[in-house]
There are 2 protein chains.
Amino acid sequence: MSRNANLTPLPGSCAACTVRPFALFRVIPQARVGEIARIRSGVRLVRAGDAIMDGVFTMYAGWAFTWTATNDGRRQVLDFHLPGDLVERTEDAAEVEALTDASFCILSKERLCAFMGHDPGLALSYVEGLTRDRARMRERLTSLGRRDAAGRVAHLLLELHGRLLRRGGGDPRGAAVPLKQAHLADALGLSVEHANRALAALRKDGVATLHKGRLEILNRKALEELAGWGGGTQGGMLAPTTLAG
Amino acid sequence: MSRNANLTPLPGSCAACTVRPFALFRVIPQARVGEIARIRSGVRLVRAGDAIMDGVFTMYAGWAFTWTATNDGRRQVLDFHLPGDLVERTEDAAEVEALTDASFCILSKERLCAFMGHDPGLALSYVEGLTRDRARMRERLTSLGRRDAAGRVAHLLLELHGRLLRRGGGDPRGAAVPLKQAHLADALGLSVEHANRALAALRKDGVATLHKGRLEILNRKALEELAGWGGGTQGGMLAPTTLAG
DNA sequence: CGTTCGGTTGATTAGAATCAACTAATGTGG
DNA sequence: CCACATTAGTTGATTCTAATCAACCGAACG
């Protein structure tokens, strides 16, 4: 297999961008898409496992994740980034890494700020994203604080499934989820072995499976039950729109 | 003691507001403070334990916290709100409750949005707050995922101490921290008994004490060691300023 | 002056980490 | 194309951390 087999190039123009309807710039009407060209400062294709050093970018294809190392050398995965997500790599402790081969569109922080300064709609879109991020972190906090291993796994699978569905990926019965068990474990505060056992239990009970990069939901009711799924939509205070979550 | 003994009234004008330097409106120069009067839609004084139903408000005095109930009736505390913090009570599952007697300034969501639409600086200030919230949630996620009980307690105490210091409360050796052990436990995903034992260990080892609403830091080095304290400042991508965190 | 709430302590149990193999894929170079 | 190496997933045994259960104490309060 060629070294670049899975690298998905980006379209040259934002007008043709397939993830824009789910991304920061969704609020820019098609007629004005030309104006955002100056904000883009480049594109990048990276391989699974590569560290991403760019400051602000929009995922185009593939998955990435943000993580941080603890003092004793273990890893906490803080969030997963899907196509359309705006990602900021800040200077602090957190690292960003490509989970699969991935491509993304790098933005100029400066010009983005400037543009938001005279386009409140774009600023609101940015705020929406942050609000949703916070809501997701809160959900995860509840998982790590009060759910057992099976519940945590179930909840994360439902979260990812929902996010994928909202951007047109997968279907009600499953979706492409390229996570390794180690990612699950590190996101959920579990050991790999225990994450494995939780997953095995879901499989044995005919609730869901995660195999070869594919999530299959066999019994949604049971999965939601395990997860203590609130079903909650997470709309931001300043977010009347109902786009990608 | 009178029923209203601890209720701190707000000043009539934003110009005299003692928490504004740490709050959303810090970016409005003193000369233009008059303009934000229209955004305020009222003030409220509440007693410890009261549920807060207002949508968007700035804490003026006292503490509050946001929490959510799990299916099995337990509680997860998602965040603590200190004077100067902007708090949004969204429709979803999360509740906001006064932790002490508290007073705050209610904002009109609509007029706030409108104002931010023509004042990018205010929008940025709002974004800064959200970014910091997210960073704090990520820190906490790391605690719940990868730190043991003592580490979680130590980390939260340091976080709160830092936030208080930055808004002029307390001193390097301690601060007023009105948390009950149950709040600690519910924020950190521990049972009350276990939170108690962790606190007892800190006390026994001369690291820190939390007693009668007061945090005393006896050995900061040791506390940071336990917490795996990264020390990291958490500046937002769009946040060049270095105000309250 | 009894009640309640917050805090403390001990005994027991349960859930998850750790340690230790081992198997199944995936991938690579000869 | 095969042999070997590496990564991902699986399983069992053991240890440990934290939850649960059960009292009990002390201070604040009404």
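We name chains A, B, ... by the order of the sequence lines, and we start the count at 1 in each one.
- Checking Arg146(A) against Lys180(A), the closest nucleotide of DNA chain D that is more toward the 5' end is the one next to Lys180(A).
- Checked by atom type, the side-chain pair His155(B)/Glu139(B) shows a donor-acceptor distance below 3.5 Å.
- Residue contacts for Leu199(B): at a heavy-atom cut-off of 4.0 Å it reaches no nucleic acid atom on any strand shown.
- In this structure, Leu184(B) places its CG atom 12 Å from C1' of dG7(C), rounding to the nearest Å.
- Whole-Å rounding puts the Asp148(B) CG to dA16(C) C1' distance at 14 Å.
- The residue Gly189(B) sits close only to the backbone: its heavy atoms come under 4.0 Å of sugar-phosphate atoms, none of a base.
- Contact between the side-chain N/O atoms of Gln181(A) and the OP1/OP2 oxygens of dT10(D) is found at a separation under 4.0 Å.
- Protein atom CG of Leu144(B) is 13 Å distant from nucleotide atom P of dA17(C), rounded to whole Å.
- No hydrogens or angles were tested; on distance alone, a donor-acceptor pair under 3.5 Å links the side chain of Arg197(B) to the base of dG10(C).
- If you take CD of Glu193(A) and P of dA16(C), they are 14 Å apart, rounded to a whole angstrom.
- Look at CZ on Arg147(A): it is 18 Å from C1' on dA16(C), rounded to the nearest Å.
- Of the possible polar contacts, one joining the Arg152(A) side chain to the Leu188(A) backbone as a donor-acceptor pair under 3.5 Å is found.
- Positionally, the nearest nucleotide of DNA chain C for Val192(A) lies more toward the 5' end than for the other of Lys212(A) and Val192(A).
- The phosphate of dT10(D) has OP1 or OP2 within less than 4.0 Å of a side-chain N or O from Asn196(A).
- Distance, His194(A) NE2 to dG15(C) P: 9 Å, rounded to whole Å.
- Arg203(B) comes within 4.0 angstrom of the backbone, heavy atoms only, and of no base.
- Using cut-offs of 30° and 60° on the angle between ring planes, the pair His183(B) and Phe80(B) is perpendicular.
- Ser143(B) and Arg147(B) share a side-chain donor-acceptor pair at under 3.5 Å.
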